[in-house]
Amino acid sequence: QVQLVESGGGLVQPGGSLRLSCAVSGSRFSAYAVGWFRQAPGKQRDFVARIGASGYTNYANSVKGRFTVSRDNAENTVFLQMNRLRREDTAVYYCKVEYGTEYYWGQGTQVTVSS
């Protein structure tokens with residue numbers, strides 16, 4: 001059984017930074033790919049960033065150059081460093097574990113960018 005808990009969200013001014021964490025309880029964390037997604041009220045859930053078991057990363061065009069995804073296998077945690085935040089980054093951010101054909105979602109953490 002895999003469980004994910006996101007943390008680190010909050011209120012930040014435009015141009016500011018936040019670092020989100022996704023703590024994963026699974027015993028084979030180093031074999032998991034982990035993605036970050038976000039969803040604003042009334043909108044679809046969109047891809048943000050992903051890091052594979054190999055460390056390979058990819059990003060949505062809207063966050064390239066501003067967000068960085070990383071992982072600490074010793075702590076079973078994936079991070080999303082968000083810099084130069086914009087109002088349009090406001091959303092609930094979710095992490096998702098991908099393990100073979102299985103998917104596991106966290107409960108989300110709110111990020112609000114407002115002056």
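Using a 4.5 Å cut-off between side-chain heavy atoms of Ile, Leu, Val, Met, Phe, Trp and Tyr, with links allowed through other members, Leu85 and Leu20 fall into the same hydrophobic cluster. Val111 and Val69 end up in the same hydrophobic cluster when Ile, Leu, Val, Met, Phe, Trp and Tyr side chains are linked at under 4.5 Å. Hydrophobic cluster membership differs between Tyr94 and Phe79, with clusters built from Ile, Leu, Val, Met, Phe, Trp and Tyr side chains linked at under 4.5 angstrom. Val63 and Trp36 end up in the same hydrophobic cluster when Ile, Leu, Val, Met, Phe, Trp and Tyr side chains are linked at under 4.5 Å.
The two residues Gly52 and Ala33 make their nearest non-hydrogen contact at CA-CB, 4.0 Å. Contact detail for Thr112 and Gln110: the closest heavy-atom pair is OG1-NE2, 3.3 Å. Across every non-hydrogen atom of Asp89 and Arg38, the tightest pair is OD1-NH1, 2.9 Å.
Just one residue in the list Asn58, Val34, Val78 forms a side-chain contact (heavy atoms from CB on, under 4.5 Å) with Arg50, and that residue is Asn58.
Remark: the backbone N or O of Gln13 is not paired with any side-chain donor or acceptor of Ser115 at under 3.5 angstrom.
Residues Ser114 and Leu11 form a side-chain contact, since some pair of their non-hydrogen atoms from C-beta on lies under 4.5 Å apart. In this structure, Ser21 and Glu75 have side chains that are not in contact, with every pair of non-hydrogen atoms separated by 4.5 Å or more. The closest side-chain heavy-atom distance from Leu4 to Gln107 is not below 4.5 Å. Counting only heavy atoms from C-beta outward, the side chains of Arg66 and Tyr59 never approach each other to under 4.5 Å. Looking only at side-chain heavy atoms (C-beta outward), Val92 and Glu6 stay at 4.5 Å or farther from each other. Looking at heavy atoms from C-beta onward, Val12 lies out of side-chain contact with Met82 at the 4.5 angstrom threshold.
Here the CD-OH distance, from Glu98 to Tyr104, works out to 12.0 Å after rounding to the nearest 0.5 Å. The CZ atom of Arg45 lies 5.0 Å from the CH2 atom of Trp105; values are rounded to the nearest 0.5 Å. A distance of 6.0 Å separates CZ in Phe29 from OG1 in Thr77, rounded to the nearest 0.5 Å. The CD atom of Gln1 sits 7.0 Å away from atom OG of Ser25, with the distance rounded to the nearest 0.5 Å. Between the CG atom of Leu80 and the OH atom of Tyr93 there is a distance of 7.5 Å, given to the nearest 0.5 Å. Here the CZ-OG distance, from Arg71 to Ser30, works out to 7.0 Å after rounding to the nearest 0.5 Å.
Centroid-to-centroid, the aromatic rings of Tyr99 and Tyr32 come within less than 6.0 Å.
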Note to self: Does Lys96 form a side-chain contact (heavy atoms from CB on, under 4.5 Å) with Cys22? I'd like the steps, not just the answer.
What the structure shows: CA-CA 9 Å; Lys96 182 186 77 172; Cys22 176; over 6 Å; no
